[in-house]
Amino acid sequence: MKNNMCSEIDKIIKGSIDSGQSVGSGCAVFRNGEELYSEAFGFADREKNIPMSQNTIFRLFSLSKPVTSAAAMILIDRGLLSPDDPVSKFFPEYESLSYVENEQVLPCPRQLRISHLLNMTSGIPYADNWGISVRGAAALFDEIISGQNSGHELTTAEICRKAAKIPLMFLPGDGWYYGISADITGGIIEAVSGMRYSEFLRKNIFEPLEMNDTGFYVPAEKAGRFAALYKWQENALVRDDGNYLGLTDYSKAPEFESGGAGLVSTIADYSKFARLLANKGEFGGVRLFSEKTFEFMTTPQLGRQQLKGLWDRLQGYNYGNFMRILENPEKSQLKTVKGEFGWDGWTGTFFCADPTNNIAILYFTQISGAGTTRQAELVCEEVYRSIKNI
């Protein structure tokens, strides 16, 4: 028999589906590594009548970034990478960068460092059609897509080298702006480890944690579990068959292994990673990195000037190592506790981890532009209202 917390979470998810706010969603809640809640409702693919489940495969989009953070922490923990390392140590193209000041492109007098990438203070943006820097990023993504269409896909390393041509939005460290820093970090992990990024993740994270449904594509034998993506159109959710951020249709291994957005996973898989983070880097007898490195990973990194760039929806949070980190719970939309951290994906994937109380919460759906949904916020609120003595 379900307890009250479980019943309330059921209502949140079912209500979203019944009202047409989502097609299907899955949710899981853990404390001290033990499952408190795990359910899925609605459809993974409405048109094919395939129900949602905890083994449905989702496009993670930016929920790929915490995995890239963990991969970097593994190398930092082993002494193979330092936050102070210049990016030019791995890609010489970054020795001579430019930046934008007053709409002028000027030579950059500072080194771009690994810490700037990890904290999104690099000044390297995502693509858009305004401003010199974001147009530079757009040109790179146009080149990525052109290569895919012509059968000459750019590799992760090639994309990292070409990204050095993008004029930075500001001097490294002077601001915060969301962009392709995690993609470049994936390329650096390749350079340090001497193996493809997917191989590094498989050997060092996915296999140890038995995350067998997580990777950069969906094998043919698993295609029936791959969720459809939906988008809002005329006040209704319709199927979205578009590809975004230089990603392909996930049907085969890509040349560009995007550390910022390219992974797919299930709630069952990603919950192992989330529980590891909630338990300070260890889960099921597997420790990815030391507690000291975990403390660095989850320590707020932005100063007052950098925080001015952080999104309004992250009120109360700081940022560091590709994740939000809660500093002022009274200001936050998420009703959790100080020290809670995590991230979300553009497609509606969300997780948070609370190392103080060893709590992990996941809420996954597949809607373009969703990010942290209202349902994810309500689930967090219900969890923290229901669990006593925290």
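Computed from a predicted model, the values in this text were never measured in an experiment.
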S.K.: Just by modelled atom types, is the Thr372 backbone N or O under 3.5 Å from a matching donor or acceptor in the Asp344 side chain?
M.R.: yes
S.K.: With no hydrogens and no angle check, is any side-chain donor or acceptor of Asn357 less than 3.5 Å from a backbone partner on Ile359?
M.R.: no
S.K.: Determine whether Thr365 and Val23 make a side-chain contact, defined as any pair of heavy atoms from C-beta on separated by less than 4.5 Å.
M.R.: no
S.K.: Take Glu295 and Lys292 through the salt bridge (Lys or Arg N to Asp or Glu O under 4.0 Å) test and state the conclusion after the steps.
M.R.: CA-CA 5 Å; Glu295 289 173 9; Lys292 181 179 179 181; over 6 Å; no
S.K.: Just by modelled atom types, is the Ser115 backbone N or O under 3.5 Å from a matching donor or acceptor in the Asn119 side chain?
M.R.: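 Here the side-chain-to-backbone pair exists.
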S.K.: How would you list, by chain and number, every residue that makes a side-chain contact (heavy atoms from CB on, under 4.5 Å) with Lys165, sequence neighbours excluded?
M.R.: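 With neighbours one apart ignored, the set is empty.
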S.K.: Using the side chain to side chain contact (heavy atoms under 4.5 Å, CB included) rule, take Arg46 and Asn49 through it: C-alpha gap first, then chi angles, then the decisive distance, then the call.
M.R.: CA-CA 5 Å; Arg46 181 178 59 195; Asn49 203 37; over 6 Å; no
S.K.: Return yes when atom CD of Glu35 has more than 12 non-hydrogen atoms of other residues, nucleotides or ligands closer than 6.0 Å, and no otherwise.
M.R.: yes
S.K.: Taking it one step at a time, do Met297 and Leu277 satisfy side chain to side chain contact (heavy atoms under 4.5 Å, CB included)?
M.R.: CA-CA 10 Å; Met297 182 185 188; Leu277 293 180; 3.9 Å; yes
S.K.: Has Glu34 got more than 12 heavy atoms of other residues, nucleotides or ligands less than 6.0 Å from its CD?
M.R.: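 No.
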S.K.: If you measure only the distance, is there a donor-acceptor pair under 3.5 Å linking the side chains of Thr266 and Asn55?
M.R.: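 Thr266 vs Asn55: no donor-acceptor pair found between side chains.
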S.K.: Among residues at least two apart in sequence or on other chains, which ones pass ring pair (Phe, Tyr, Trp, His ring centres under 6.0 Å) with Phe30?
M.R.: none
S.K.: Please name the pair of heavy atoms, one in Gln301 and one in Asn318, separated by the smallest distance, quoted to 0.1 Å.
M.R.: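 Minimum heavy-atom separation between Gln301 and Asn318: N-OD1, 3.4 Å.
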S.K.: Is any side-chain heavy atom of Pro172 closer than 4.5 Å to a side-chain heavy atom of Cys108?
M.R.: yes
S.K.: Do Ser98 and Pro107 have side-chain heavy atoms sitting under 4.5 Å apart?
M.R.: no
S.K.: For the rings on Phe350 and Tyr363, is their centre-to-centre separation under 6.0 Å?
M.R.: no
S.K.: Please tell me whether Ser251 and Asp249 have a donor and an acceptor in their side chains that are separated by less than 3.5 angstrom.
M.R.: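 Looking only at side-chain atoms, Asp249 and Ser251 do form a donor-acceptor pair, the distance falling under 3.5 Å.
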S.K.: Where do Ala40 and Ser53 come nearest, in terms of heavy atoms and distance?
M.R.: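 For Ala40 and Ser53, the tightest heavy-atom pair comes out as CB-CA, 3.6 Å.
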S.K.: Could you list all the ring-ring contact (aromatic ring centres under 6.0 Å, His included) pairs where at least one residue sits in residues 241-261, not counting sequence neighbours?
M.R.: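 Passing the test, one end in residues 241-261: Phe226-Tyr250, Tyr244-Trp346.
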S.K.: Could you go through the side chain to side chain contact (heavy atoms under 4.5 Å, CB included) check for Lys231 and Ile367 one step at a time?
M.R.: CA-CA 5 Å; Lys231 63 183 177 182; Ile367 301 172; 5.9 Å; no
S.K.: Show me the donor-acceptor pairs, under 3.5 Å and distance only, between side chains in residues 257-264 and residues at least two apart or in other chains.
M.R.:
| residue | atom | partner | partner atom | Å |
| --- | --- | --- | --- | --- |
| Glu257 | OE1 | Tyr197 | N | 3.4 |
| Glu257 | OE1 | Ser198 | N | 2.9 |
| Glu257 | OE1 | Ser198 | OG | 3.3 |
| Glu257 | OE2 | Arg196 | NH2 | 3.3 |
| Glu257 | OE2 | Ser198 | OG | 2.7 |
| Ser258 | OG | Asp183 | OD1 | 2.5 |
| Ser258 | OG | Gly260 | N | 3.4 |
| Ser258 | OG | Ala261 | N | 3.0 |

S.K.: Taking Asp77 for the side chain and Ser290 for the main chain, is one N or O donor matched with an acceptor at less than 3.5 Å?
M.R.: yes
S.K.: Quick one: do Arg225 and Asp45 make a salt bridge, cutoff under 4.0 Å?
M.R.: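 Answer for the salt bridge query: no.
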S.K.: Taking only residues two or more places apart in sequence or in another chain, which ones pass side chain to side chain donor-acceptor pair (under 3.5 Å) with Arg161?
M.R.: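 Listed in chain order: nothing, the list is empty.
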S.K.: Hey, is the main chain of Leu60 close enough, under 3.5 Å, to the side chain of Thr349 for a donor-acceptor pair?
M.R.: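 Yes: the side chain of Thr349 pairs with the backbone of Leu60.
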S.K.: Stepwise, does the side chain to side chain contact (heavy atoms under 4.5 Å, CB included) test hold for Val100 with Leu168?
M.R.: CA-CA 6 Å; Val100 178; Leu168 307 181; over 6 Å; no
S.K.: Kindly say whether Val337 contributes a backbone atom to a donor-acceptor pair with the side chain of Glu340 at under 3.5 angstrom?
M.R.: no
S.K.: Examine the side chains of Asn204 and Arg78 and answer whether a donor and an acceptor come within less than 3.5 Å of each other.
M.R.: yes
S.K.: Under the rule for side-chain contact (heavy atoms from CB on, under 4.5 Å), what residues qualify as partners of Arg202, not counting sequence neighbours?
M.R.: Glu199, Glu207
S.K.: Answer whether the closest heavy-atom distance between the side chains of Leu117 and Ile188 falls below 4.5 Å.
M.R.: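 The answer is yes, as the side chains (C-beta and beyond) meet within the 4.5 Å cut-off.
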S.K.: Whether the side chain of Ser386 engages the backbone of Val383 through a donor-acceptor N/O pair (distance < 3.5 Å, no angle test) should be reported.
M.R.: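 No: the side chain of Ser386 does not pair with the backbone of Val383.
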S.K.: Any donor-acceptor pair under 3.5 Å linking the side-chain atoms of Thr68 with those of Lys65?
M.R.: no
S.K.: Let me have the donor-acceptor pairs involving side chains of residues 13-20, under 3.5 Å, with sequence neighbours excluded, atom names and distances please.
M.R.:
| residue | atom | partner | partner atom | Å |
| --- | --- | --- | --- | --- |
| Ser16 | OG | Ser22 | OG | 2.8 |
| Ser19 | OG | Gly15 | O | 2.9 |
| Ser19 | OG | Ser16 | O | 3.1 |

S.K.: Output yes when a side-chain donor or acceptor of Ser133 lies under 3.5 Å from a complementary backbone atom of Pro167, and no otherwise.
M.R.: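 Answer holds: yes.
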S.K.: So that I can tick it off, tell me whether Arg113 and Asp85 are bridged by a salt bridge, with the cut-off set at under 4.0 angstrom between side-chain N and carboxylate O.
M.R.: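 Looking at Asp85 and Arg113, the cut-off is not met.
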S.K.: Heavy-atom distance under 4.5 Å between the side chains of Val379 and Tyr37, does that happen here?
M.R.: no
S.K.: Checking Leu36 now: which residues fulfil side-chain contact (heavy atoms from CB on, under 4.5 Å) with it, not counting sequence neighbours?
M.R.: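 In terms of side-chain contact (heavy atoms from CB on, under 4.5 Å), with neighbours along the sequence ignored, Leu36 is linked to Met5, Val29, Arg31, Ile387.
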S.K.: Please check if the side chain of Asp240 supplies one atom and the backbone of Gly242 the other of a donor-acceptor pair under 3.5 Å.
M.R.: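 Yes, Asp240 side chain to Gly242 backbone: donor-acceptor pair under 3.5 Å.
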S.K.: Between Gln366 and Arg59, is any side-chain donor less than 3.5 angstrom from a side-chain acceptor?
M.R.: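 Indeed, the side chains of Gln366 and Arg59 share at least one donor-acceptor pair under 3.5 Å.
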S.K.: Quick one: list whatever passes side-chain contact (heavy atoms from CB on, under 4.5 Å) with Asp142, sequence neighbours left out.
M.R.: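 Checked Asp142 against side-chain contact (heavy atoms from CB on, under 4.5 Å); zero matches.
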S.K.: Would you mind checking if Glu47 and Arg239 are paired as a salt bridge, meaning a charged N to carboxylate O distance below 4.0 Å?
M.R.: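 So Arg239 pairs with Glu47 through a salt bridge.
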S.K.: Could you tell me whether a side-chain N or O of Ser64 sits under 3.5 Å from a main-chain N or O of Phe61, the two making a donor and an acceptor?
M.R.: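 Side chain of Ser64 to backbone of Phe61: a pair is present.
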S.K.: Give a yes or no on this: more than 12 heavy atoms of other residues, nucleotides or ligands lie within 6.0 Å of atom NZ of Lys272.
M.R.: yes
S.K.: Compare every heavy atom of Glu255 with every heavy atom of Glu153, then report the nearest pair and how far apart it is.
M.R.: OE1-N, 3.2 Å
S.K.: Applying ring pair (Phe, Tyr, Trp, His ring centres under 6.0 Å), can you list everything that pairs with Phe273, at least two apart in sequence or on another chain?
M.R.: Tyr270
S.K.: Is there a side-chain contact between Arg287 and Glu291 in this structure, where contact means two heavy atoms from C-beta onward sitting under 4.5 Å apart?
M.R.: yes
S.K.: Could you name each residue pair satisfying ring-ring contact (aromatic ring centres under 6.0 Å, His included) that touches residues 94-129, not counting sequence neighbours?
M.R.: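 As it turns out, the ring-ring contact (aromatic ring centres under 6.0 Å, His included) pairs with a partner in residues 94-129, which skip direct neighbours, are Tyr126-Tyr178.
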S.K.: Using the rule given for salt bridge (Lys or Arg N to Asp or Glu O under 4.0 Å), can you reason through Asp213 versus Lys222, listing the C-alpha separation, both sets of side-chain angles and the distance that settles it, and then say yes or no?
M.R.: CA-CA 9 Å; Asp213 288 325; Lys222 299 181 181 181; 2.8 Å; yes
S.K.: Under a 4.0 Å N-O cut-off, is there an ion pair linking Lys162 with Glu93?
M.R.: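 Salt bridge flag = no for Glu93 with Lys162.
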S.K.: Does Tyr319 have any ring pair (Phe, Tyr, Trp, His ring centres under 6.0 Å) partners at least two apart in sequence or in another chain, and if so, which?
M.R.: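 Partners of Tyr319 by the ring pair (Phe, Tyr, Trp, His ring centres under 6.0 Å) criterion, ordered by chain and then number, come out as Trp176, Trp343.
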